[in-house]
Student: 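Before I ask anything, here is the structure I am working with.
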Amino acid sequence: MLQAQRALCSQAKPSAGGWQALRFDGGAFRLKSTAELARALLVLRLCAWPPLVTHGLALQSWAQRLLGSRISGALLRSSIYGQFVAGESVEEIRGCLQQLHALGLRSLLAVPTEEEPDSATKTGETWYEANLHAMLRCVDLSRDLVVSPGPRLMQLKVTALTSPRLCKDLTSWIKRPGPCSELSPERLAEAMDSGQNLQVSCLNAEQNQHLQASLTRLYRVAQYAQAQHVRLLVDAEYTFINPALCLLVSALALRYNKPQEGGPWVWNTYQAYLKDTHARLAQDAEAAHRAGLAFGVKLVRGAYLEKERAVARLQGTGDLTQPDYEATSRSYSRCLELMLSQVASHGPTCHLMVASHNEESIHQATKRMWQLGIPVDGPVCFGQLLGMCDHVSLALGQSGYAVYKSIPYGSLEEVIPYLTRRAQENRSVLQGARREQALLSQELWRRLQGGDLRVPH
Ligand SMILES: Cc1cc2nc3c(=O)[nH]c(=O)nc-3n(C[C@H](O)[C@H](O)[C@H](O)COP(=O)(O)OP(=O)(O)OC[C@H]3O[C@@H](n4cnc5c(N)ncnc54)[C@H](O)[C@@H]3O)c2cc1C
């Protein structure tokens, strides 16, 4: 493997003379074992098959009934679970992280949580408290297991700690015309500090109690994460709750994004598929700068397109998403340009994760970083999902860029509903992974012809 690594590094490093596009030609697959390549090819082929994605959960329970839990579990572990999930035990997660580290990739742990509004156990204060403990454990795992150099990051889903129902009500209130001092980030930050009962007039007593409990949970995670030197990347979700999530992140940012304390410790996510994202990003960057706060951004295209459009149709409201894929990509490109200029002018107080598998976006980012003099391993990093587009991640990692793989972990029962939901949200990406499949087939064929099917070590 070392030989292959050296060869790749020498091809792909940005040259001193000028910028050179990275080659996402699958050359980096030489670092992977034949078994890993074969599994990746099989799983990506299966995931590109629409019925499997649509009826994933039903098929799983059918297989469980027909084959029994042990056999169906073993099949899942050697295929979809094995491809996209780090494992369940600390040892399994550690093994996955060490393997990524050996390939030049970093880890971004993510707790997979799926709320089920009709379930008696997966909702209510007890469920959110259990999720709080899962998040605190994720901070510990990020501190203890991550071996790579560079900042330790983890993903945080706010609706694991507070109910989407409350976020929806807060969003309706935030969207009302006119200023609303009752729901200012300052007021929420004070309530987080004091732990005293916050009263918001648009909410009933039960909702006020839940808001205070949610603020306390968020505060505990952020405080603990900062103490353990782990940065929180807050996920963006649906437009009917995002304004409430942004309000909560702004409250956290007031306390945890002070540059003199090593901030930003709490980053927000911006979805380029929304029409207003570029304007909001510019406004938030400017506001953070004016307030003397550091600013951290995870930039994505956005995962909830189908549901966003379905909700808009159902409610007869305007569609807030870009009209087509090209418009989303133009928006991503403009947001990327904006953030890279911010990083170039504000240095280490401004951080960006380019969270995309898109080769064009990554070419744009690496080229502009070079033009703006942003170091390859500085405040800009890249993010891709575990098991997806390894040809892109490996090429970036081997060239010295900071690349994080988003890594869910947990038991089969916890993770399969989460994976099924993610696969449904990323249907177009999975179907579009044809290039990755072609590159995997090409590398497997090369090994077969050369009789070289050994594990590279
Ligand atoms: C590390 C990481 C963290 C992430 N965190 C989040 C998060 O917090 N919130 C979130 O929403 N997503 C998140 N995502 C998912 C992300 O938003 C995308 O769904 C996914 O990365 C695919 O986009 P791409 O740029 O990688 O690939 P591409 O294949 O280039 O883009 C696919 C995306 O283009 C857009 N698109 C496709 N068709 C159309 C169309 N007809 N009209 C308009 N737009 C279209 C959609 O956004 C679709 O997901 C994350 C992804 C990564 C890698």
Side-chain angles (χ1 to χ4, degrees), residues 1-2 5 29 31-40 42-43 60 64 67-114 130-157 160 221 224-225 227-233 383-388 390 393-394 397 402-420 422-423 454-457:
M1 183 160 89
L2 271 177
Q5 246 170 348
F29 281 149
L31 302 173
K32 295 215 136 201
S33 74
T34 303
E36 286 170 326
L37 297 180
R39 182 185 66 192
L42 173 77
V43 170
Q60 189 220 345
Q64 212 168 6
L67 306 171
S69 324
R70 272 190 49 196
I71 299 181
S72 69
L75 281 176
L76 281 170
R77 279 181 185 279
S78 57
S79 56
I80 293 176
Y81 179 93
Q83 175 73 11
F84 297 121
V85 183
E88 185 178 354
S89 67
V90 172
E91 280 321 307
E92 284 172 329
I93 304 167
R94 191 197 305 278
C96 171
L97 269 48
Q98 282 175 345
Q99 215 180 348
L100 290 176
H101 174 61
L103 295 169
L105 305 176
R106 299 180 185 183
S107 314
L108 171 69
L109 290 177
V111 178
T113 50
E114 284 302 308
N131 287 341
L132 166 67
H133 291 290
M135 292 297 173
L136 295 175
R137 179 170 178 259
C138 189
V139 174
D140 285 338
L141 292 174
S142 305
R143 179 201 57 204
D144 296 340
L145 301 188
V146 172
V147 278
S148 326
R152 290 178 159 83
L153 313 177
M154 70 170 251
Q155 272 177 262
L156 175 74
K157 195 174 166 191
V221 178
Y224 189 60
Q228 305 309 317
H229 301 282
V230 176
R231 291 170 203 273
L232 299 174
L233 273 57
Q384 282 108 38
L385 305 177
L386 182 71
M388 291 277 301
D390 283 349
S393 311
L394 290 168
V403 191
Y404 289 80
K405 285 295 225 184
S406 166
I407 304 175
Y409 60 89
S411 68
L412 264 178
E413 297 71 39
E414 285 165 338
V415 171
I416 293 297
Y418 168 89
L419 282 183
T420 309
R422 293 291 93 81
R454 284 170 301 121
V455 179
H457 275 306

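Basis for what follows: all heavy atoms, side chains included, without hydrogens, waters or symmetry-related copies. Fair warning: this is a prediction, and the values are worked out from it, not measured in the lab.
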Student: With rounding to the nearest 0.5 angstrom, report the OG1 to OH distance, Thr420 to Tyr418.
Tutor: 11.5 Å
Student: What closest approach, in Å, do Leu419 and Phe84 show between heavy atoms, and which atom pair accounts for it?
Tutor: CD2-CB, 3.9 Å
Student: What is the distance from atom NE2 of His101 to atom OG of Ser148, rounded to the nearest 0.5 Å?
Tutor: 5.5 Å
Student: About how many Å separate CG of Leu37 and CG of Leu42, when rounded to the nearest 0.5 Å?
Tutor: 12.5 Å
Student: Would you call Leu109 and Ile93 a side-chain contact if the rule is heavy atoms closer than 4.5 Å?
Tutor: yes
Student: What is the distance from atom CG of Leu108 to atom CG of Leu100, rounded to the nearest 0.5 Å?
Tutor: 11.0 Å
Student: Would you find a donor on one side and an acceptor on the other, under 3.5 Å apart, between the side chain of Lys405 and the backbone of Ser107?
Tutor: no
Student: Indicate yes or no for a side-chain donor-acceptor contact from Arg231 to the backbone of Pro151 under 3.5 Å, with no hydrogens or angles considered.
Tutor: no
Student: Look only at the side chain of Arg152 and the backbone of Ser142, and say whether a donor-acceptor pair between them is shorter than 3.5 Å.
Tutor: yes
Student: Within a strict 4.5 Å, meaning less than it, do heavy atoms of the Tyr404 and Gln155 side chains meet?
Tutor: no
Student: Are Asp140 and Arg137 close enough for a salt bridge, meaning some N to O gap below 4.0 Å?
Tutor: no
Student: I'd like to know if Arg39 and Glu36 make a salt bridge, using a cut-off of under 4.0 Å between side-chain N and carboxylate O.
Tutor: no
Student: Out of curiosity, Tyr81 OH to Ile416 CD1, how far, rounded to the nearest 0.5 Å?
Tutor: 8.5 Å
Student: Heavy atoms, side chains only, cut-off 4.5 Å: are Lys32 and Leu103 in contact?
Tutor: yes
